[in-house]
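Have a look at the structure below before the remarks.
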Amino acid sequence: MNEFSRRLLDWYERFGRRLPWRGRADPYAVWVSEIMLQQTRVETVVPYFERWMARFPTLADLAGASEQEVLSAWEGLGYYSRARNLWRAARQVVAEYGGRLPEDPTILQRLPGIGRYTAAAIASIAFGRDVPTLDGNLRRVLARLFDVAAPADSPAGEAVLRSLAEENLPPGRAGDYNQALMDLGATVCLPRKPRCSACPLADLCRARAAGVQEARPVLKPKKETPHYLVTAAVVRRNGKVLLAQRPPGGLLGGLWEFPGGKVGEGEALADGLRREIREELGVGIRVGEAFGVYRHAYTHFRITLHAFLCELTDGEPRPLAAADLAWAALEALENYPMGKVDRQIARRLKAEFL
DNA sequence: TATGCGTGGCC
DNA sequence: TGGCCAAGCAT
């Protein structure tokens, strides 16, 4: 073990975070945590993880649940394909591996939702395999420590960083080594304003000249985010409200929403809403009073959504683009997993009409 | 190789 | 306020 790894592990022993999925002998718990942590902060994940493990304590419990139950438990965490893939993978593990998670990273990587990083993380943390990981934290820490100038999100930069991670891996300690680098990246070697004075590796860091740390890692420029005008129809009948289920795979896949869609350039809001409802559900509506304006920023675009109270005027709704439809009682809206904006509308609907 | 996929916190 | 970022994966 070299100087770098020894100091890193010493630091981890003293300052590593105590997290609910650490120190468990349960590979399933490690797996769940790794999926939840993809592109998501630890503080956000902790309460979801606790609730998840109480609701689906074992891999078999998860495999026996319904997709809707799983999406409900995931609601608010984002990137919902993670939940669907985790559920599908659990069923696959029960069907093909007798309910035991495979230990080999190349086999793990064949399961939906498990890529190169997650396979290595599970193999090293849950099964003690000597495999290096490379995630956002490690990219940043290693790019600074070894002053890597190649873009960290390019294949060339990745290859350099991956070999650095591997060269320094202390045999028999991969799980701790990987997690130590993640903790260092999350608590000390921060993206902005790194706390170099608290870093156990500061004197080894090749980017320790003033300002150089924050110039690492080098990343490719991003595109600007478009802004869309969107409408949604709140259609009520007999104390119930019309919901549409979004098709699987895309944005908020499998979740429920108040039907509607994008408004065209120069198109009036009410016209756009009538057109969307006609195309989506095959019915005509009368657009009534406004029921709120909701602004929301997704990662790659932002929307301004106008909701309207509406009535059916022509025909019974049938699912066309949407996968399914429901007339939902206001009391039961919690049972329909939704994205953030639709959940806001649902809550306000209950407050006003229940 | 580039793009789509959520949400919350920070400045 | 809008932009950036946070334990990636699938296509």
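Chain identifiers are assigned alphabetically (A, B, ...) following the order of the sequence lines, protein sequences preceding nucleic acid strands; residue numbering begins at 1 within each chain. As the structure is a computational prediction, the values presented were derived from the model and not from experiment.
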- Describe the nucleic acid contact of A/Ile114 in one word from base, sugar-phosphate, nothing, applying a heavy-atom distance below 4.0 Å. sugar-phosphate

- Send over the distance from A/Glu158 CD to B/dT1 P, rounded to a whole Å. 10 Å

- Figure out the CD1/P separation between A/Ile303 and C/dG2, and round it to whole Å. 13 Å

- Item | P atoms of C/dC9 and B/dG8, separation to the nearest Å | 23 Å

- Message: Over all strands shown, is A/Leu19 touching base, sugar-phosphate only, or nothing at heavy-atom distances under 4.0 angstrom?
- Response: base

- Message: What's A/Ser154 touching, base or sugar-phosphate or nothing? Going by heavy atoms closer than 4.0 Å.
- Response: nothing

- Query: How long is the line joining CZ of A/Arg140 and P of C/dC5, in whole Å?
  - Reply: 10 Å

- Item | Separation of B/dG6 P from A/Phe301 CZ (nearest whole Å) | 9 Å

- Message: Taking A/Ala174's backbone N and O only, do any of them form a donor-acceptor pair with A/Asn178's side chain (distance below 3.5 Å, no angle check)?
- Response: yes

- Message: Angle between ring planes, A/Phe308 versus A/His306, binned at 30° and 60°: parallel, tilted or perpendicular?
- Response: parallel

- Query: Side-chain N or O of A/Gln39 less than 4.0 angstrom from OP1 or OP2 on C/dA6?
  - Reply: no

- Item | Rounded distance in Å - CD (A/Glu43) to P (C/dA6) | 12 Å

- Task: Give a yes/no answer on whether the side chain of A/Arg295 brings an N or O atom under 4.0 Å of OP1 or OP2 in C/dG2.
- Result: yes

- Query: Any donor-acceptor pair under 3.5 Å between the side chain of A/Thr40 and the base of B/dG8?
  - Reply: no

- Query: Do any side-chain nitrogens or oxygens of A/Tyr80 fall under 4.0 Å of OP1 or OP2 in B/dT7?
  - Reply: yes

- First of A/Gly76 and A/Pro155 reached from the 5' end of DNA chain B, by closest nucleotide: A/Pro155

- Just by modelled atom types, is the A/Glu75 backbone N or O under 3.5 Å from a matching donor or acceptor in the A/Arg343 side chain? no

- Task: Could you grab the distance from atom CZ of A/Arg55 to atom CD of A/Glu50, nearest 0.5 Å is fine?
- Result: 15.5 Å

- To the nearest angstrom, how far is A/His300 atom NE2 from C/dC5 atom P? 12 Å

- What pair of heavy atoms forms the shortest contact from A/Glu280 to A/Gly260, and how long is it? OE1-O, 3.2 Å

- Query: So, is A/Arg41 near the phosphate of B/dC10, with a side-chain N or O under 4.0 Å from OP1 or OP2?
  - Reply: no

- Query: If you measure only the distance, is there a donor-acceptor pair under 3.5 Å linking the side chains of A/Trp256 and A/Gln68?
  - Reply: yes

- Check the distance between C/dA6's P and A/Leu134's CG and give it to me in whole angstrom. 14 Å

- Query: Under 4.0 angstrom, heavy atoms only, what part of the nucleic acid is A/Trp74 near: base, sugar-phosphate, or nothing?
  - Reply: nothing

- Query: Which residue, A/Arg302 or A/Asp135, contacts DNA chain C at a nucleotide closer to its 5' end, judged by nearest heavy atom?
  - Reply: A/Arg302

- Message: Could you tell me how far C/dA6 sits from B/dT1 if I compare only their C1' atoms? Round to whole Å.
- Response: 23 Å

- Under 4.0 Å: is that the gap between some side-chain N or O of A/His296 and OP1 or OP2 of B/dT7? yes

- Item | d(CG, A/Leu77; C1', B/dT7) in whole Å | 8 Å

- Side-chain donor-acceptor pair under 3.5 Å between A/Asn168 and A/Ser5, yes or no? no

- Does the side chain of A/Thr118 get closer than 4.0 angstrom to OP1 or OP2 of C/dC9 through an N or O atom? yes

- With a 4.0 Å cut-off on heavy atoms, is A/Arg88 in touch with a base, just the backbone sugar-phosphate, or nothing at all? nothing

- Message: With hydrogens left out and only the distance checked, is there a donor-acceptor pair under 3.5 Å joining A/Thr299's side chain and the base of B/dT7?
- Response: yes

- Query: Considering only heavy atoms, which members of residues 179-196 of chain A lie under 4.0 Å from some atom of DNA chain C?
  - Reply: A/Met182, A/Pro191

- Any side-chain donor near an acceptor of the partner, A/Arg82 and A/Gln38, under 3.5 Å: no

- Sugar-phosphate only, base, or nothing, as touched by A/Arg17 at under 4.0 Å among non-hydrogen atoms: base

- Task: Using salt bridge (charged side-chain N to carboxylate O under 4.0 Å, His left out) as the criterion, point out the one residue from A/Arg236, A/Arg237, A/Arg286 that pairs with A/Glu311.
- Result: A/Arg286

